[in-house]
Amino acid sequence: MTHGISRRTLLGAAISGGIITPLLAGCGALVPASSGPGALTVHTQISGAVAGAQTFSDVVAAYQRDTARRVALLKNGSDLPIVFETSTLAGKEADVAIVNMMGRTLAWTRLGATVDVGGYLDDWGLRDLIIPEALQEWTDEEGRLRAFPFTRTNWPVSFNTALLEEAGVGIPKTSDELIAAADALRSKGIGPVTVGGSDWSGQKMFLQVMQGFLTEDEARTVFSTGKISETPGAIAGVEHFVELRDAGVFVDNVQGYTSDSELTQFNTRKAAIVPAMSSALALVPAERAAEVTVGGWPKPSSGGVLDHPSVIKSYNGHGIWISENGRKKLDLVKPFVQHLYSPEVTDRFILESGRDMSRVTDTVSKDFPLVAQASRLKDTEVSAVMLPDLLIPDAVFEPMIQATALAYGSASAERIIDAFEKAYQAV
């Protein structure tokens with residue numbers, strides 16, 4: 001597929017969604033001010049308040065000093081995919097993009113917006129440096145490696161054991177124990193489980209609970225098609241979620257919380273339990289981390305398919321993507337990418353910011369104890385469940401969040417299932 005065709009394909013898809021067209025007039029502003037001949041342009045999502053943002057900036061600055069090569073950074077958060085696509089349509093995209101693999105980005109390599117990097121693994125000496133399972137997850141159904149896996153995702157559950165002890169209970173391993181713990185915590189004026197019921201973090205929790213009743217194949221079917229009503233295990237998962245909600249497992253007014261407010265509530269000891277990805281656990285203050293134990297979401301007491309409490313595990317963190325413009329600058333891209341996979345850079349991300357990395361390493365951070373705890377969880381302690389983001393169609397994400405937000409309110413299982421399936425039917 002030629003670059004011209006791929007741009008028209010992206011443009012057609014974007015116009016149908018009504019997203020990119022208003023941005024086209026501003027394409028000139030999408031190029032970093034410091035870019036130019038001989039400079040490598042890097043569009044990164046590791047910026048702002050994201051764990052590792054300062055480390056990344058420092059690594060790039062050191063690379064420029066040590067090599068005398070110029071790197072121009074363009075920084076965006078969750079809107080990076082749209083900004084990148086817009087600049088691609090104008091032929092002004094950055095040479096390298098560092099962004100999560102989910103939603104819109106899943107199609108980039110197939111559409112020709114980014115290149116298959118599989119051919120560079122051996123030539124650049126990277127294959128043996130990257131965890132094999134990460135390479136597998138980042139490879140699409142046609143065998144194309146979308147990008148070099150960089151950071152990864154570990155999504156455990158954190159328990160404030162000091163608050164649990166105050167309520168006279170231990171870490172719950174089953175749903176019955178969780179309900180009992182919630183009752184005991186509430187009797188002491190302590191919130192049980194906090195989660196962002198109104199955003200993506202609540203969505204992940206809802207889908208994790210559902211996976212307690214689904215085989216991996218069933219989960220793949222449900223998340224890719226949205227057909228809960230055709231899968232008995234999925235129906236049981238929704239009914240189980242409603243049972244937990246109605247039993248008071250989640251904090252009051254949870255449907256109004258976000259991923260930021262859940263951490264605030266946990267960090268201020270207003271709630272004893274929080275499901276949060278490891279990059280968020282890196283932000284838990286040392287005083288609070290000292291009284292926290294990391295584990296999994298309690299498994300269903302009956303009727304479930306899991307052997308242990310569950311943890312979402314995925315290599316779907318940030319990847320290093322190469323654009324069509326970057327293909328023309330491989331002499332600049334290659335040494336930069338190789339540098340990012342050096343032991344020194346990997347250690348800096350782990351030690352300075354508590355990130356989980358897709359590079360093979362034995363380094364564990366002492367300054368981020370909860371991240372370290374999560375990385376040491378064994379298969380004999382927790383059951384891994386999938387991160388649904390690689391299966392959910394991009395256009396379904398927002399409507400699904402609205403559907404899962406209903407689940408944290410007072411909606412019945414039937415109404416939740418109907419809203420969930422309609423999110424897919426509207427695509």
Side-chain angles (χ1 to χ4, degrees), residues 45-46 49-60 62-63 98 100 125-138 148-162 171 263 266-267 273-297 308-320 337-387:
Q45 208 173 37
I46 307 178
V50 172
Q54 187 59 54
T55 297
F56 181 74
S57 294
D58 292 345
V59 163
V60 171
Y63 176 79
I98 301 179
N100 297 116
L126 299 176
R127 185 180 298 277
D128 293 338
L129 301 182
I130 301 174
I131 298 171
E133 290 82 359
L135 294 174
Q136 180 180 355
E137 190 166 301
W138 280 77
F148 300 111
F150 191 55
T151 66
R152 58 188 174 93
T153 302
N154 197 4
W155 207 310
V157 179
S158 295
F159 301 87
N160 187 313
T161 52
I171 294 175
L263 280 176
F266 184 74
N267 288 341
I273 304 169
V274 65
M277 68 177 71
S278 53
S279 58
L281 297 183
L283 304 177
V284 175
E287 179 185 12
R288 194 63 54 242
E291 57 186 20
V292 171
T293 296
V294 174
W297 180 258
H308 308 288
S310 65
V311 169
I312 296 176
K313 289 189 176 182
S314 174
Y315 295 93
N316 174 39
H318 299 96
I320 304 171
V337 172
Q338 289 174 321
H339 182 66
L340 291 182
Y341 283 96
S342 66
E344 296 77 16
V345 169
T346 300
D347 286 354
R348 288 195 66 176
F349 271 95
I350 294 172
L351 298 174
E352 294 177 10
S353 59
R355 295 293 320 210
D356 286 316
M357 307 300 290
S358 286
R359 190 192 190 282
V360 176
T361 179
D362 293 326
T363 301
V364 177
S365 176
K366 296 180 180 178
D367 293 333
F368 300 93
L370 301 188
V371 179
Q373 277 191 54
S375 69
R376 290 194 293 263
L377 288 173
K378 300 176 181 178
D379 293 341
T380 54
E381 301 173 288
V382 295
S383 295
V385 296
M386 72 175 65
L387 180 71

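If you're wondering where the values come from, they're calculated on a predicted model, not measured in any experiment.
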Are [X] and [Y] packed together at the side-chain level, in the sense that at least one heavy-atom pair is separated by less than 4.5 angstrom?
X      : Y      : result
Ile312 : Met386 : no
Pro156 : Leu281 : yes
Val157 : Ile273 : yes
Val360 : Leu129 : no
Val364 : Arg376 : yes
Ile171 : Thr161 : yes
Trp155 : Leu387 : yes
Ser310 : Trp297 : yes

>> Walk me through whether Arg152 and Ile131 qualify under side-chain contact (heavy atoms from CB on, under 4.5 Å).
In response: CA-CA 10 Å; Arg152 58 188 174 93; Ile131 298 171; 4.0 Å; yes
>> Test your reading of the model: is there a side-chain donor-acceptor pair from Tyr315 to the backbone of Pro132, 3.5 Å cut-off?
In response: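 No, Tyr315 side chain to Pro132 backbone: no donor-acceptor pair under 3.5 Å.
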> Does Val284 offer a backbone N or O that forms a donor-acceptor pair with the side chain of Asn267 under 3.5 Å?
Replying inline: no
Closest contact, heavy atoms only, [X] versus [Y]:
X      : Y      : answer
Leu263 : Ala276 : CD2-CB, 4.3 Å
Val50  : Gln45  : CG2-O, 3.8 Å
Ser158 : Val294 : OG-CG2, 3.9 Å
Gly295 : Val311 : O-CG2, 3.6 Å
Pro149 : Trp138 : CG-CD1, 3.5 Å
Val345 : Leu340 : CG1-O, 3.4 Å

> Going through the checks in order, is the side-chain contact (heavy atoms from CB on, under 4.5 Å) test met by Leu126 and Phe148?
Replying inline: CA-CA 9 Å; Leu126 299 176; Phe148 300 111; 3.7 Å; yes
> What side-chain hydrogen bond (donor to acceptor under 3.5 Å, both in side chains) pairs are there with at least one residue in residues 351-363, not counting sequence neighbours?
Replying inline: Thr55-Glu352, Ser278-Asp356, Asp347-Thr363, Arg348-Glu352, Thr361-Thr363
State the [atom1]-[atom2] distance between [X] and [Y], to the nearest 0.5 angstrom.
X      : Y      : atom1 : atom2 : answer
Leu135 : Ile130 : CG    : CD1   : 5.0 Å
His318 : Asn100 : NE2   : CG    : 4.5 Å
Glu381 : His308 : CD    : NE2   : 9.0 Å
Leu370 : Ser375 : CG    : OG    : 11.0 Å
Ile350 : Ser365 : CD1   : OG    : 8.5 Å
Glu291 : Asn160 : CD    : CG    : 4.0 Å

>> Less than 3.5 Å apart, any donor N or O on the side chain of Glu137 or Ser314 sitting next to an acceptor on the other?
In response: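 Yes, because at least one side-chain N or O of Glu137 sits under 3.5 Å from a partner of the opposite role on Ser314.
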> Of all residues at least two apart in sequence or in a different chain, which pass the salt bridge (charged side-chain N to carboxylate O under 4.0 Å, His left out) check with Asp367?
Replying inline: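 Asp367 satisfies salt bridge (charged side-chain N to carboxylate O under 4.0 Å, His left out) with no residue once adjacent residues are dropped.
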> Is the distance between the ring centroids of His339 and Tyr63 under 6.0 Å?
Replying inline: yes
> Under 30°, 30 to 60°, or over 60°: which ring-plane class applies to Phe349 and Phe56, parallel, tilted or perpendicular?
Replying inline: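 Correct class here is tilted.
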> Do other residues, nucleotides or ligands put more than 12 heavy atoms under 6.0 Å from the CD atom of Gln136?
Replying inline: no
